[in-house]
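Input: a single structure, listed below in structure tokens.
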Amino acid sequence: MSLQDADANDAGFGARIRSAIFWRSGSQIVSQMMSWVVTLAVIRLLDPADYGLFAMTQVILNFATFLNGYGLVSALVQSDSVTPHRLRQAFGIMLLLNGALAALQLAIAPIAADYYDQPMVADLLRVQALLYLSTPFISIPEAIMGRALDFKRPALVNLIAAFASAAVALYGALSDWGVWTLVFAPIAGFWIKGLGYILATGFRPIPSFDFRGTGAMVTYGASLLGGQLFWIAQSQADIFIGGRVLEPHQLGLYAEALFLTQIFVSKFIPPLNDVAFPAYARMQKDPSRVAWSFCKAVRLLLLISCPVYLGMAVTAEPLVETLFGAKWLEMAPFVAILALAMPFMTVQVMFAPVSNALGRPGTTARVAAVGAVLMPVSFLIGIKFGAIGLAWAWLGAFPILTAITARLAGAPMGLRLIDLVRAAAPALGCSVLMAGVVMAVDFLLPPLAAPIRLAILVPTGGVAFLAALMLCSRATVMELVALVVRRAPPAPAPA
């Protein structure tokens with residue numbers, strides 16, 4: 001292959017990646033904006049205790065979900081080729097796994113209710129078992145489109161599903177469904193997404209229970225389970241520990257503060273990781289290229305997450321009162337603390353697709369194992385100080401976990417900790433300066449209504465961050481502009 005042909009192939013692949021990011025992240029942004037408008041309306045209608053009860057069910061739901069077979073989807077994406085028979089085999093496995101999970105949740109529902117001493121938890125869990133049954137209809141078409149880096153069709157389906165889920169949530173809140181609003185809305189969204197994916201891909205949901213030749217796929221998927229189990233232990237330990245000690249009201253305040261502060265890392269990073277996994281997999285024979293791409297991704301993503309999170313920390317009180325209403329004002333201290341931990345989490349979760357794409361799922365499992373010990377121990381210490389202690393546990397433990405992750409997951413691609421620090425420095429340093437300016441302006445303001453106060457502080461922070469970035473790291477700004485405003489490469493000279 002000539003050099004010009006190689007350049008053309010790289011340019012074509014890069015164009016596909018940019019298109020995938022546009023559709024995957026763009027649709028996520030649109031659907032989330034719509035969802036947030038409805039969510040804020042629903043939060044104002046429901047009580048913190050409703051969210052506390054719902055959070056208790058999520059521990060069980062998320063713990064069981066790690067067995068739902070999504071590791072098989074990763075194996076399909078990474079495989080060199082996938083036949084229709086292999087897709088039917090994977091669909092058959094997903095049906096069996098998720099049917100068993102639904103039955104298991106029905107069985108353990110009363111046990112969970114006894115643990116939390118909340119009888120309603122059992123009823124909620126029984127209905128939520130319907131979520132598992134939709135997974136096979138979502139995951140296999142998702143693998144088909146992921147392999148092709150086709151994110152346009154699923155983007156449109158996701159928008160329709162998000163609209164349906166939001167409509168159910170708003171109707172339920174206005175109809176006094178209470179906590180059931182939080183149960184039926186995602187069920188509607190999941191099932192509509194499953195139907196839409198089937199129609200978009202033309203995949204025929206006919207399973208094959210002849211599992212001969214699936215050993216490699218199952219082994220790869222099983223190798224991811226350890227990491228997923230550890231991740232569930234890490235991410236759900238706070239509610240599992242706090243739910244037994246705290247009243248639903250306090251648990252609801254903490255859970256919604258965590259939801260608010262994790263919006264970026266939980267809603268925007270996963271879509272980018274969906275695109276990053278097949279992209280890194282294409283580069284797996286050149287680790288140095290992977291390391292360079294990873295550092296660039298960290299540098300650019302932190303330009304968004306750092307100012308958002310540090311700004312959230314210093315405006316927590318007017319932010320919560322404006323978005324959630326006065327009855328949620330007790331949530332502000334939780335937001336201020338948790339927001340400071342989220343830039344570390346943003347970086348930490350970006351390592352998993354790199355390790356998996358390089359064929360090292362064991363690294364992801366080792367990192368998750370560290371988190372499965374570090375975070376629960378931190379929460380056990382923090383709960384002694386009540387719900388606010390859980391928030392302090394996040395801020396104390398997650399910087400440590402991120403450093404350990406960088407050491408374990410960065411080594412295979414030659415990434416040094418100093419490389420990561422340099423990538424994060426422009427966004428973090430400028431965000432600290434921005435936070436200082438916002439705090440000073442807030443101190444000088446007279447007493448104002450929360451929306452007015454927030455309307456002054458947010459643009460102040462935005463201007464301060466951009467000014468600091470232009471003064472301290474103009475090259476980073478130019479890099480971001482070059483990524484967004486991508487000019488077409490010049491045509492090759494005639495031979």
Residues Ile263, Leu260; criterion side chain to side chain contact (heavy atoms under 4.5 Å, CB included); working and verdict: CA-CA 6 Å; Ile263 281 177; Leu260 178 63; 3.9 Å; yes
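- Using a 4.5 Å cut-off on side-chain heavy atoms (C-beta onward), Gln128 and Phe54 make contact.
- Counting non-hydrogen atoms of other residues, nucleotides and ligands closer than 6.0 Å to CZ of Arg407 gives a total of 12 or fewer.
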Residues Phe294, Phe351; criterion ring pair (Phe, Tyr, Trp, His ring centres under 6.0 Å); working and verdict: CA-CA 8 Å; Phe294 181 80; Phe351 278 97; 4.5 Å; yes
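- Remark: the backbone N or O of Leu46 is not paired with any side-chain donor or acceptor of Asp50 at under 3.5 angstrom.
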Verdict with supporting geometry, Arg416 and Arg422, side chain to side chain contact (heavy atoms under 4.5 Å, CB included): CA-CA 10 Å; Arg416 301 172 301 170; Arg422 287 171 179 164; 3.9 Å; yes
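- In this structure, the side chain of Thr322 engages the main chain of Pro318 through a donor-acceptor pair within 3.5 Å.
- Taking every heavy atom of both residues into account, Gly371 and Gln234 meet most closely at CA-OE1, 3.3 Å.
- Taking the charged nitrogens against the carboxylate oxygens, Arg453 and Glu317 do have a contact shorter than 4.0 Å, which makes a salt bridge.
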Audit row: Leu61, Gln105, side chain to side chain contact (heavy atoms under 4.5 Å, CB included) steps and yes/no: CA-CA 8 Å; Leu61 202 68; Gln105 184 157 304; 3.3 Å; yes
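- Atom CD1 of Ile187 and atom CD1 of Ile192 lie 12.0 Å apart (nearest 0.5 Å).
- Between Tyr171 and Trp177, the ring-plane angle classifies as perpendicular under the 30° and 60° cut-offs.
- To the nearest 0.5 Å, atom CG of residue Leu310 and atom CG of residue Leu428 are 7.0 Å apart.
- Within 6.0 Å of the CH2 atom in Trp392, the count of heavy atoms belonging to other residues, nucleotides or ligands does not exceed 12.
- One distance of note links CG of Leu301 with NZ of Lys296; it measures 12.0 Å at 0.5 Å rounding.
- The closest side-chain heavy-atom distance from Asp442 to Ile456 is not below 4.5 Å.
- The backbone N or O of Thr261 lies less than 3.5 Å from a partner atom in the side chain of Tyr309, making a donor-acceptor pair.
- Annotation: cation-pi geometry satisfied between Arg244 and Tyr115 (NZ/CZ under 6.0 angstrom from ring centroid, within 45° of ring axis).
- At most 12 heavy atoms of other shown residues, nucleotides or ligands fall within 6.0 angstrom of atom CZ in Phe240.
- At a threshold of 4.5 Å between non-hydrogen side-chain atoms, the residues Gln250 and Glu330 count as touching.
- Within 6.0 Å of CZ on Phe334 lie more than 12 heavy atoms contributed by other residues, nucleotides or ligands.
- In this structure, CG on Leu45 lies 8.5 Å from CG on Asp176, to the nearest 0.5 angstrom.
- In this structure, Ser165 contributes its side chain and Ala162 its backbone to no donor-acceptor pair below 3.5 Å.
- With sequence neighbours excluded, the residues forming a side chain to side chain contact (heavy atoms under 4.5 Å, CB included) with Pro48 are His249, Leu253, Trp328, listed by chain and number.
- The side-chain heavy atoms of Leu258 and Asp238, taken from C-beta on, include a pair separated by under 4.5 Å.
- Gln118 places no side-chain N or O within 3.5 Å of a backbone atom of Leu53 that could act as its donor or acceptor partner.
- Remark: Leu401 CG to Met345 CE distance equals 9.5 Å, nearest 0.5 Å.
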Evaluation steps, side chain to side chain contact (heavy atoms under 4.5 Å, CB included), between Met375 and Trp394: CA-CA 8 Å; Met375 298 307 294; Trp394 274 90; 4.3 Å; yes
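- Leu303 CG to Ser431 OG: the interatomic distance, rounded to the nearest 0.5 Å, is 8.0 Å.
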